[in-house]
Amino acid sequence: MTADLMMAAAQGLLALFLAPGVVGLVRWLKARLQNRRGAPPWQPYRELRKLFQKEVVVSRHASWLFHLAPFVVFASTLAVAVIVPVLAVPLLVDRIGDLLVVVYLLLLGTFFLALAGLDPGSAFGGMGASREVTVAALAEPTLAVAIFALARSAGSTNLGEIAARTTADPLSAVSPGHLLAFAALFIVMLAETGRLPVDNPATHLELTMIHEAMVLEYSGRYLALIEWAAALKFLVFFILLGNLFVPWGLARALTLEAVMTAVGVFAVKVVVLAVAVAVLETRVAKLRLFRVPELLSASFVLALLAVTSSFLLR
Amino acid sequence: MLLFLKILKAGIVTEPLAPGEPDVIEVAREVETKARRLLGRAVAIREVDAGSCNGCEIEITGLTGPVYDSERFGIHFVASPRHADLLLVTGPVTRNMEIPLLKTYEATPDPKIVVAVGDCARTCGVFRGSYAVVGSVDAVIPVDVFVSGCPPEPTDILRGILTALDRLPKRKRRRDGT
Amino acid sequence: MAPELLLLSVAGYTAGALAALAFRGMVGRALVAAGALGGSLATLALGAWCLATGATLVFAAPWLPLTGFALRADSLSAFFLIVVGLAAAAASLYGFGYSAHYDGRYSLRLLGAMFNVLLLSLTVQVLADNALTFLVTWEVMSLSAYFLVLTEHDQAGTVRAANWYLGVTHAGFAALIAAFLVLAAGDMTGSFAAMRSVGLTPGTRNLVFLLALVGFGTKAGVIPLHVWLPMAHPVAPSHVSAVLSGVVIKMGVYGLMRVTLDLLGGGPAWWGGIVLGLGAVSALLGVLYALMEHDLKRLLAYHSVENMGIILLGVGAGLMFQSYGLPALATLGFIAGLYHTLNHACFKGLLFLGAGSVQYATKTRNMEDLGGLIKRMPRTAACFLVGAAAISALPPLNGFASEWLVFQTLMGGALVPRPEVAIGMPIAVAMLALSSGLAVACFVKAFGITFLALPRSTDAARAREVPASMQVGMLLLVGMCVALGVTPFLVVPALSRALAGLGRIPVTPIGFSLHLPFSVAGVTGEMSPLLLAVGLALLGVLTAIVLRLLADRRLRVGDTWGCGRIGQTPRMEYTATAFAEPLRRVFAELYRPTEDLSIDFHPKSKYFVRSIAYRSEVQPWFERLLYTPVLSALRGAAARVRQVQAGSLHLYLAYLTIALLVLLVVARWSR
Ligand code: SF4
């Protein structure tokens, strides 16, 4: 039990401290793909350290909610990171929340961030908040149905359970339902974490922003918390994609050997996904805001096919 | 696929930053050591066009391209002064931009640095004496480094920024001398 | 114990009603509130007592005319008594402060008396044990609600709303009378006990089900029978709206469960399918219409439609699984529906009270005129925020606990090996997910535009925090939202007892611990909102402490960043309409917005604009499509009936004579 809880805490901390590096890795890969030298992958750590040491400037129109939101966003994302299986399954924390809890915890962060965007009364913040919740709402059905697909083949919405069942039945990992659900979740990941083609994480033009426009007012340590939470959310989606669909390498018992293997395999999965995102972001252009629903409905159709195919093929 | 073949063939095109003529960069104020230490390798820049002819902007745009690649020094441009550490100001300050420039300066959290780019930013250049112009950038907000040139080359701008951050050892020695 | 509690609650309501008639002003308001509060607390206690002890209270008054009055509290009634008591207690406390501004403008007597009558009828409603009692109470409930809706009779739209409500609710009432007549199958006592045992043919049972669905559907505001709801609920005084949305529409759920599950004992799978489908459509369309509203209370009223949909998703799934012989899943479905019923009563009550506070302080419900209230009314804002988070199903609040259960139930549909279920369930899941996602969007809008940023009107700028009694009313419900959210391990077993008391499905006791695990053959899921809440709070506090120790602590207050513009005015803020614009474009097919743009140019040059007028409205085409034919048919029928009702006394006397003769002949003939 103690070992179990310590493992959970270690997982959470690992995810927390790895997250900025993953964002940095994607940026570095993108720079290389643009024939640039680029900043090293650990650049985001420097940026976070800098932000934590800077002053905070707050609008005079902002209320207590503006000060509360970064903490809610950070804490909820961190809670998700503790729940999801990073290295080992099944852990006791599995019982705190299942896949649905993960989705709604992330939504909790979005809710507060959107409110904080509206709080200082700037038009940019309102615009960002409006777009962010639109995208989040439209991504929701895909998420739910993809969860349905996973749950029906695993017989459970518990994260550890899903990973364990797929390990036990390797063939199910290449079943059409599984692959379709993976594709659907991948698209949702792009939308939810504000990557191309839904949102450009490097944009400077307010009118094209989604996520960035909401946090235009934040500075210093608050901004650091929000950026860190965003990076963590990105990693959480990597973990979901990597460990629920391709659960091999996860430690089934808490031995040193198993955990070391898990760390190694986890690193490989993260790098592979980071390369995929970087290549994709080099290849595609940002979609017009009102084309995003089309992308999301495509992902929904994929998810729906995933569920029905697992029924038809059963 | 073709795209990625081309990427592979081209390789990395970023050029190393060659030292240029020293007189292009002029240090106006000593940057605090604390700021220097803190912003060493992670700088967020907010660009403010205070009334330039946009010549300087074109050169600044070059910074983010593959050849000059400011990102390798941890320098990137941001969308809000709230996120910024360094204001990159161009052009003479026009009447319409005087208050916005001040507001941008106020909106930037401490520690912050101001780099004024282009001849206009220091002397108002060809626009001097115009009714529409208030004055040089340092007449409105405190400037740390001036980069001269009309427009200055991207290399110079980059060096100016790095000087402000006190990064290139060569510059450091030079400033110690002044 | 139980009879005394019932007596106490009836006495409380009656005293409250009488006090309203006898006293005026402050004393009157206080006595009305005291009576209602006492009555509702007794109701709450009665429900809790019956549920806890499993006692059934039976009370009959057969000496009354016709079939007499009969009351019986079983476990299902007990649960609904709790719902009534909770929402009513908060609303009555709140009503004391809130009705102050009605003094001298509208009839406080009518308001106070009818409020108590409504609560009384609600209490009796769930206890009714024969058709007559049920129907009479139903009508009393509908009529008292009608008078309450009419309180602000001189405001535009109130009378129209009340009339719509009256019309639709009576159409539903007619369906209910028919349903009970068929169900009684000639047994003129109309007692529920007799109805349970009577064996009807499948066809008749289907008829009863459909009639009941229409009758209870109108009350529940199920789409397409919802039109009256967004009209009537907003115009009522806010504490009444809280009761209307929190409890009165729940009587639809109660009735549906009582008739289909208890009296009929369940039916074929398509019953569940229809309820499920209606639930999914109501959930989605309800929230989509809510998004387009900028009247705060109308927005909430549309959300009632949405949440009734979610409840029906649970109940429908329950009915369906019951007929497929999956009792464990069926139980889960009913529990999910009931849980959401209770939760919705709490958070929707809270939100209506919050909206009432806003209206009290600013005299407007239009969100485009509000803003910045978080600084002027911090406590109301905090309460509303909790309600908004709860209704958006955000963990660890109560909305999440019940939506999670609904999700799990629907996912259980994977166990039914039928293609229509295999296709239908994922779609239901998707619709539920979409509507909960949109609910988040909608409540970011509702809270953000109303409470955050700068005030958009002088009224909003001058708002002041509401009196203590109103705050206490809201706080009570805030407490319930949190408590119900983190304690599903207590609530769910209680609900399964409420179901078990009916004896219609074998409720398997599930081992509930601190978590909310459930394992039904093949489908499992676990979560623990309590641990989650503790964890979130810990992580948040820990972050704050670490930040305090390690990070820079400087904080400077400056202007809002607006690209260096000179000043900031409320006109620069995002409006409610603008906020919902992306979604309006995405769902343009549903809204079919009309846009009307007129620009007034300067006569000399069209580069100068004098004024721009822009109007845009959402078309309720779907309602028009449904209701226009019905209304025109009604009008046509009314015109024909007018010929019969000519206003001539002689003619009426002739009708009477003919009727009497016919009756005599029939009586003679049937002997
Ligand atoms: S320095 Fe030259 S290029 Fe730059 S703004 Fe002035 S005139 Fe234009």
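Order of the sequence lines sets the chain letters (A, B, ...), proteins ahead of strands, with each chain counted from 1.
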> Roughly how far apart are C:Leu583 CG and A:Thr134 OG1, rounded to 0.5 Å?
Replying inline: 4.0 Å
> Looking only at heavy atoms, which two atoms of A:Ala75 and C:Gly540 are closest? And how far apart?
Replying inline: CB-N, 3.7 Å
> Does C:Arg379 CZ have over 12 foreign heavy atoms under 6.0 Å away?
Replying inline: no
> Quick one: do A:Lys54 and C:Asp552 make a salt bridge, cutoff under 4.0 Å?
Replying inline: no
>> Could you walk me through whether C:Lys375 and A:Trp64 satisfy the side chain to side chain contact (heavy atoms under 4.5 Å, CB included) test, starting with their C-alpha distance in whole Å, then the side-chain angles of each, then the deciding distance to 0.1 Å, before giving a yes or no?
In response: CA-CA 9 Å; C:Lys375 273 158 240 141; A:Trp64 51 264; over 6 Å; no
> What distance do A:Ser59 atom OG and C:Gln568 atom CD have between them, rounded to the nearest 0.5 Å?
Replying inline: 6.5 Å
> Of the listed residues (C:Gly372, C:Pro570, C:Pro582), which shares the most heavy-atom pairs with chain A below a 4.5 Å separation?
Replying inline: C:Pro582
>> A:Leu65 vs C:Leu385, test: side chain to side chain contact (heavy atoms under 4.5 Å, CB included). Steps then yes/no.
In response: CA-CA 10 Å; A:Leu65 197 122; C:Leu385 183 63; 3.8 Å; yes
> Does any heavy atom of chain A fall under 4.5 Å from the side chain of C:Phe400, the backbone, both, or neither of them?
Replying inline: side chain
> Checking C:Ala578 against chain A: side chain, backbone, both or neither under 4.5 Å from a heavy atom?
Replying inline: backbone
> Any side-chain heavy atom of A:Pro120 within less than 4.5 Å of one from C:Trp561?
Replying inline: no
> What part of A:Phe290 lies closer than 4.5 angstrom to a heavy atom of chain C: side chain, backbone, both or neither?
Replying inline: side chain
> What part of C:Leu555 gets closer than 4.5 Å to chain A, counting heavy atoms only: side chain, backbone, both or neither?
Replying inline: both
>> Nearest 0.5 Å, please: how far is CD1 in C:Ile374 from NE2 in A:His61?
In response: 15.0 Å
>> Does any backbone or side-chain atom of C:Met425 lie under 4.5 Å from a heavy atom of chain A? Answer side chain, backbone, both or neither.
In response: both
>> I want to check something: taking the side chain as every heavy atom from C-beta on, are A:Leu118 and C:Phe579 in contact at a cut-off of under 4.5 Å?
In response: yes
> Below 4.5 Å, heavy atoms only, C-beta onward: do C:Leu434 and A:Glu140 meet side chain to side chain?
Replying inline: no
>> Looking at chain A, which one of C:Pro395, C:Gly448, C:Ala441 has the largest number of heavy-atom pairs inside 4.5 Å, strictly under?
In response: C:Pro395
>> Heavy-atom cut-off 4.5 Å, strictly under: side chain, backbone, both or neither for C:Leu432 against chain A?
In response: neither
> How close do A:Ser122 and C:Thr560 get, heavy atom to heavy atom, and via which atoms?
Replying inline: CB-CG2, 3.4 Å
>> Below 4.5 Å, heavy-atom pairs only: which of C:Gly535, C:Ala544, C:Gly562 has the largest tally toward chain A?
In response: C:Ala544
> Where is the tightest heavy-atom contact between A:Val57 and C:Gly558, given as atom of each residue plus distance?
Replying inline: CG1-N, 4.3 Å
>> So for A:Glu217, is it side chain, backbone, both, or neither that comes closer than 4.5 Å to the heavy atoms of chain C?
In response: side chain
> Between the main-chain N or O of A:Ala123 and the side-chain N or O of C:Glu573, is there a donor-acceptor pair closer than 3.5 Å?
Replying inline: no
> Checking heavy atoms, do the side chain of A:Leu51, its backbone, both or neither come under 4.5 Å from chain C?
Replying inline: neither
> Contact part of C:Ala389 toward chain A, heavy-atom cut-off under 4.5 Å: side chain, backbone, both or neither?
Replying inline: both
> Heavy-atom distance under 4.5 Å to chain C: side chain of A:Ala79, backbone, both or neither?
Replying inline: both
> Who among A:Ala136, A:Ala116, A:Ala129 has the most heavy-atom pairs with chain C under 4.5 Å?
Replying inline: A:Ala129
>> Please classify the contact of A:Leu68 with chain C as side chain, backbone, both or neither, using a heavy-atom distance under 4.5 Å.
In response: neither
> Rounded to the nearest 0.5 Å, how far does CG of A:Leu78 lie from CG of C:Leu538?
Replying inline: 11.0 Å
> For A:Ala139, is it the side chain, the backbone, both, or neither that has a heavy atom closer than 4.5 Å to a heavy atom of chain C?
Replying inline: neither
>> Ignoring hydrogens, what is the shortest heavy-atom contact between A:Ala114 and C:Val444? Give both atom names and the distance.
In response: CB-CG1, 3.8 Å
> What part of A:Phe66 gets closer than 4.5 Å to chain C, counting heavy atoms only: side chain, backbone, both or neither?
Replying inline: neither
> Passes side chain to side chain contact (heavy atoms under 4.5 Å, CB included), A:Phe124 versus C:Cys563? Steps please.
Replying inline: CA-CA 10 Å; A:Phe124 299 141; C:Cys563 288; 3.7 Å; yes
> What pair of heavy atoms forms the shortest contact from A:Pro141 to C:Ala430, and how long is it?
Replying inline: CB-O, 3.8 Å
>> For chain A, which candidate among C:Leu550, C:Leu454, C:Val440 shows the most heavy-atom pairs at distances under 4.5 Å?
In response: C:Leu454
> Quick one: does C:Leu536's side chain get under 4.5 Å of A:Leu108's, heavy atoms only?
Replying inline: yes
> Does some side-chain heavy atom of C:Met411 sit less than 4.5 Å from a side-chain heavy atom of A:Thr157?
Replying inline: yes
>> Restricting to non-hydrogen atoms, name the atom on C:Pro426 and the atom on A:Val145 that form the minimum distance, rounded to 0.1 Å.
In response: O-CG2, 3.8 Å
> Going from CG on A:Asp98 to CZ on C:Phe407, what distance comes out if it is rounded to the nearest 0.5 angstrom?
Replying inline: 11.0 Å
> Does the side chain of C:Phe447 reach to within under 4.5 Å of the side chain of A:Leu115, using non-hydrogen atoms?
Replying inline: yes
> Can you tell me if CZ on C:Arg556 sees more than 12 non-hydrogen neighbours from other groups inside 6.0 Å?
Replying inline: yes
>> Assess, by modelled atom type and distance only, whether the side chains of C:Ser436 and A:Tyr104 contain a donor and an acceptor separated by less than 3.5 Å.
In response: yes
> Below 4.5 Å, heavy atoms only, C-beta onward: do C:Glu403 and A:Leu100 meet side chain to side chain?
Replying inline: no
>> For a side chain to side chain contact (heavy atoms under 4.5 Å, CB included) check, start with the C-alpha distance between A:Arg60 and C:Asp559, then their side-chain angles and the critical distance, and finish with the verdict.
In response: CA-CA 6 Å; A:Arg60 70 181 87 257; C:Asp559 281 336; 3.0 Å; yes
> Is it the side chain or the backbone of C:Leu542 that comes within 4.5 Å of chain A heavy atoms, both, or neither?
Replying inline: neither
>> Tell me which of these, A:Leu138, A:Leu216, A:Val72, has more heavy-atom pairs under 4.5 Å with chain C than the rest.
In response: A:Leu138
> Under a 4.5 Å heavy-atom cut-off, does chain C meet the side chain of A:Phe111, its backbone, both or neither?
Replying inline: both
> So does C:Arg554 have more than 12 non-hydrogen atoms from other groups sitting under 6.0 Å from CZ?
Replying inline: yes
> When only pairs under 4.5 Å are counted, which of A:Val101, A:Val133, A:Asp119, A:Ile147 shares the most heavy-atom pairs with chain C?
Replying inline: A:Asp119
> What distance do C:Leu539 atom CG and A:Ser76 atom OG have between them, rounded to the nearest 0.5 Å?
Replying inline: 9.5 Å
> Checking heavy atoms, do the side chain of A:Leu304, its backbone, both or neither come under 4.5 Å from chain C?
Replying inline: side chain
>> What I'd like to find out is whether the side chain of C:Leu532 reaches to under 4.5 Å of the side chain of A:Ile83, using heavy atoms alone.
In response: yes
